[in-house]
Number of protein chains: 2
Amino acid sequence: MQLHKRDVVDAATALLDDYGIADLSMRRLARELAVTPGALYWHFANKQQLLGAVADRILEPVHGERGGWRARIVGICGQLRDALLSHTDAAELVSASFAAGQSEVMDDVLTQLGAAAAEAGVTAANAELAARSVVYYVLGFTADEQSRMQWDAAGADVAATVWNQNPSARFAFGLNLLVDGIAAHSRADA
Amino acid sequence: MQLHKRDVVDAATALLDDYGIADLSMRRLARELAVTPGALYWHFANKQQLLGAVADRILEPVHGERGGWRARIVGICGQLRDALLSHTDAAELVSASFAAGQSEVMDDVLTQLGAAAAEAGVTAANAELAARSVVYYVLGFTADEQSRMQWDAAGADVAATVWNQNPSARFAFGLNLLVDGIAAHSRADA
DNA sequence: ACCTGAACACCGTTCAAGT
DNA sequence: ACCTGAACACCGTTCAAGT
């Protein structure tokens with residue numbers, strides 16, 4: 001039967017979850033789908049575009065949140081982190097897709113964070129910057145967290161003491177640094 | 001004549017500057033040095049370790065700064081950004097080496113940022129986190145900035161308006177968000 | 001100690017040709 | 001429209017064997 005984009009992205013996500021990003025190759029994916037590598041290039045222009053589609057699949061559960069600007073920022077960042085932690089190497093994959101401009105969902109996230117920053121009182125020109133800073137933090141923190149998880153899932157409990165205690169609290173602390181910074185740069189605080 | 005680690009790292013850096021990270025392969029590097037690929041594996045355990053050495057070569061100009069905690073954070077981050085902007089794809093390369101734990105200089109940077117945060121009044125447990133947040137920001141921002149520079153050096157002046165004006169000021173704004181956040185989380189402000 | 005030769009097990013991408 | 005076959009131009013890594 002015919003190969004659809006959705007099937008390709010689903011198989012790619014399964015490959016990611018089971019073997020990690022290093023084994024997510026076009027050839028391996030084609031083998032899994034029982035097609036020739038060239039077949040994938042009928043549906044996707046290149047690997048980067050396919051990975052972008054996988055990124056957006058992973059980020060499907062990320063939606064906006066209601067409430068004040070603080071709650072909206074903290075909420076969407078929490079959803080983002082949760083989605084990333086649900087798939088092997090997802091933080092790395094989404095970081096790459098975001099940098100390459102291949103993730104529509106990340107663009108949405110950026111827009112929402114920017115709106116929240118604007119509501120906090122940051123000028124329009126700086127609101128996008130504030131939003132980007134938050135995204136850099138979430139992706140950096142989560143990629144770090146995830147690589148450590150995989151490291152000591154592989155049996156190495158070296159100096160894990162500091163990192164293993166309350167990763168969510170640690171995540172919140174760094175995020176609050178930015179939120180407080182945004183609040184400091186504004187007049188109307190909610 | 002004999003191949004030394006320094007020669008290998010120098011050649012790798014030249015390759016990076018001239019052709020970018022995508023063309024920095026073990027085989028290409030060996031060809032440039034007029035040796036067999038296997039020769040490189042006498043000097044370096046693997047590619048990751050070699051890239052870590054290149055990262056630390058790029059970061060050589062990054063040293064500490066004197067002054068209050070704010071000046072020390074802003075200073076070292078500025079040096080970091082300057083070093084990264086001096087070599088093609090350096091932000092991407094250093095990010096990867098940092099994530100892989102292969103850059104000693106980045107560990108030093110982390111230590112110095114942590115000390116500055118502690119001096120700002122952040123608790124010892126949170127100081128390292130604050131330091132990491134700053135590093136995530138600098139690497140994220142600069143990787144973004146650098147990829148855009150290369151994009152529109154290649155002739156695409158699409159919506160460059162917002163990004164091209166005062167990248168240094170934009171960098172400072174986001175960094176200040178974090179610095180202000182750190183100040184908000186402390187008692188003694190310098 | 002340091003390097004070569006040669007192999008192993010892969011990659012992403014293209015494109016004429018088939019159905 | 002959708003896919004195969006086959007090629008092109010590569011990868012990182014290992015390791016016996018040479019000097």
Side-chain angles (χ1 to χ4, degrees), chain A residues 1-16 18-55 88-89 92-97 99-103 147 150 154, chain B residues 1-16 18-55 88-89 92-97 99-103 147 150 154:
Chain A
M1 58 245 137
Q2 263 231 51
L3 199 59
H4 287 105
K5 276 189 156 180
R6 226 178 332 92
D7 309 325
V8 178
V9 174
D10 284 354
T13 308
L15 220 41
L16 185 72
D18 294 345
Y19 305 99
I21 200 171
D23 286 322
L24 178 41
S25 69
M26 296 299 268
R27 284 173 176 276
R28 176 103 190 241
L29 180 56
R31 206 195 310 146
E32 217 80 15
L33 290 162
V35 293
T36 282
L40 299 175
Y41 288 87
W42 178 260
H43 300 279
F44 298 91
N46 48 45
K47 187 179 181 180
Q48 220 178 56
Q49 192 175 100
L50 194 156
L51 292 183
V54 174
T88 312
D89 296 330
E92 202 180 322
L93 185 146
V94 170
S95 282
S97 294
Q102 298 282 359
S103 169
S147 84
Q150 284 158 196
Chain B
M1 58 243 139
Q2 263 231 53
L3 199 60
H4 287 106
K5 276 188 159 189
R6 228 179 329 95
D7 309 325
V8 178
V9 174
D10 284 354
T13 308
L15 219 42
L16 185 72
D18 294 346
Y19 304 98
I21 199 171
D23 286 323
L24 177 42
S25 70
M26 296 299 268
R27 283 174 177 275
R28 176 104 192 240
L29 179 56
R31 205 195 311 146
E32 218 78 16
L33 290 163
V35 293
T36 282
L40 298 175
Y41 290 86
W42 178 260
H43 300 278
F44 297 91
N46 48 46
K47 187 179 180 180
Q48 217 177 58
Q49 192 174 101
L50 194 156
L51 292 182
V54 174
T88 312
D89 295 331
E92 201 180 322
L93 185 146
V94 170
S95 281
S97 294
Q102 298 283 357
S103 169
S147 85
Q150 285 158 195

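The sequence lines fix the lettering, A, B, ..., with proteins before strands; numbering per chain opens at 1. Both backbone and side-chain heavy atoms feed into the values below; hydrogens, waters and symmetry mates do not.
Atom C1' of nucleotide C:dT13 and atom CD of A:Gln48 are separated by 14 Å, given to the nearest angstrom. Rounded to an integer number of Å, the gap from CD of B:Gln49 to P of D:dG12 is 15 Å. Between the OH atom of B:Tyr19 and the C1' atom of D:dC10 there is a distance of 16 Å, rounded to whole Å. In this entry the distance linking CG of A:Leu50 with P of C:dC11 reads 14 Å, nearest Å. Following rounding to the nearest Å, B:Asp23 (CG) and D:dC11 (P) show an atom-to-atom distance of 8 Å. Per the geometry, NZ belonging to A:Lys5 stands 15 Å off P belonging to D:dA1, to the nearest Å. The separation between B:Lys47 atom NZ and C:dC11 atom P is 16 Å, rounded to whole Å. For the pair A:Ile21 CD1 and C:dC11 C1', the computed distance is 15 Å after rounding to whole Å.
Distances were taken from every side-chain heavy atom of A:Met26 (C-beta onward) to each of C:dG12, C:dC2, D:dC3; the shortest belongs to C:dG12. Ranking C:dC3, C:dC11, C:dT4 by closeness to the B:Thr36 side chain, first place goes to C:dT4. In this structure, of D:dC2, D:dT13, C:dT13, it is C:dT13 that holds the atom nearest to the side chain of A:Pro37. Closest to the A:Trp42 side chain, of the nucleotides C:dT13, D:dA1, C:dA1, is D:dA1. For B:Ala39, whose side chain is taken as the heavy atoms from C-beta onward, the closest listed nucleotide among D:dG12, C:dC3, D:dT4 is C:dC3. The side chain of B:Tyr41 sits closest to D:dT14 out of D:dC11, C:dC2, D:dT14. Among D:dA1, D:dG12, C:dG12, the nucleotide with an atom closest to any side-chain atom of B:Arg27 is D:dG12.
Between A:His43 and the phosphate of D:dC3, there is a side-chain N or O to OP1/OP2 separation shorter than 4.0 Å. Between A:His4 and the phosphate of D:dC2, there is no side-chain N or O to OP1/OP2 separation shorter than 4.0 Å.
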Given side chain to side chain contact (heavy atoms under 4.5 Å, CB included), test A:Val9 with A:Phe44 step by step and report yes or no.
CA-CA 10 Å; A:Val9 174; A:Phe44 298 91; 4.0 Å; yes
A:Leu50 and A:Leu29: side chain to side chain contact (heavy atoms under 4.5 Å, CB included), yes or no, with the steps?
CA-CA 11 Å; A:Leu50 194 156; A:Leu29 180 56; 3.8 Å; yes
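Judged by closest nucleotide on DNA chain D, A:Val35 is the one of A:Val35 and B:Asn46 placed further toward the 5' end. In terms of position along DNA chain C, the nucleotide closest to A:Arg28 lies nearer the 5' end than the nucleotide closest to the other residue of the pair A:Ala45 and A:Arg28.
In this structure, D:dC8 forms a base pair with C:dG12, meeting either the Watson-Crick or the G-U wobble geometry with both donor-acceptor distances under 3.5 Å. Pairing for D:dA1 is with C:dT19, a Watson-Crick or G-U wobble pair whose two hydrogen-bonding atom distances lie under 3.5 Å.
A donor and an acceptor atom, one from each side chain of A:Asp89 and A:Gln150, are located under 3.5 Å apart.
A gap of 23 Å separates the P atoms of C:dC10 and D:dA9, to the nearest Å.
By the salt bridge (charged side-chain N to carboxylate O under 4.0 Å, His left out) test, B:Asp18 pairs with no residue at all, sequence neighbours left out.
A:Met26 approaches A:Leu40 most closely through the heavy-atom pair O-CD1, 3.2 Å. Residue B:His43 comes nearest to B:Leu3 through the heavy atom pair CE1-O, 2.9 Å, listed as atom of the first residue, atom of the second, then distance.
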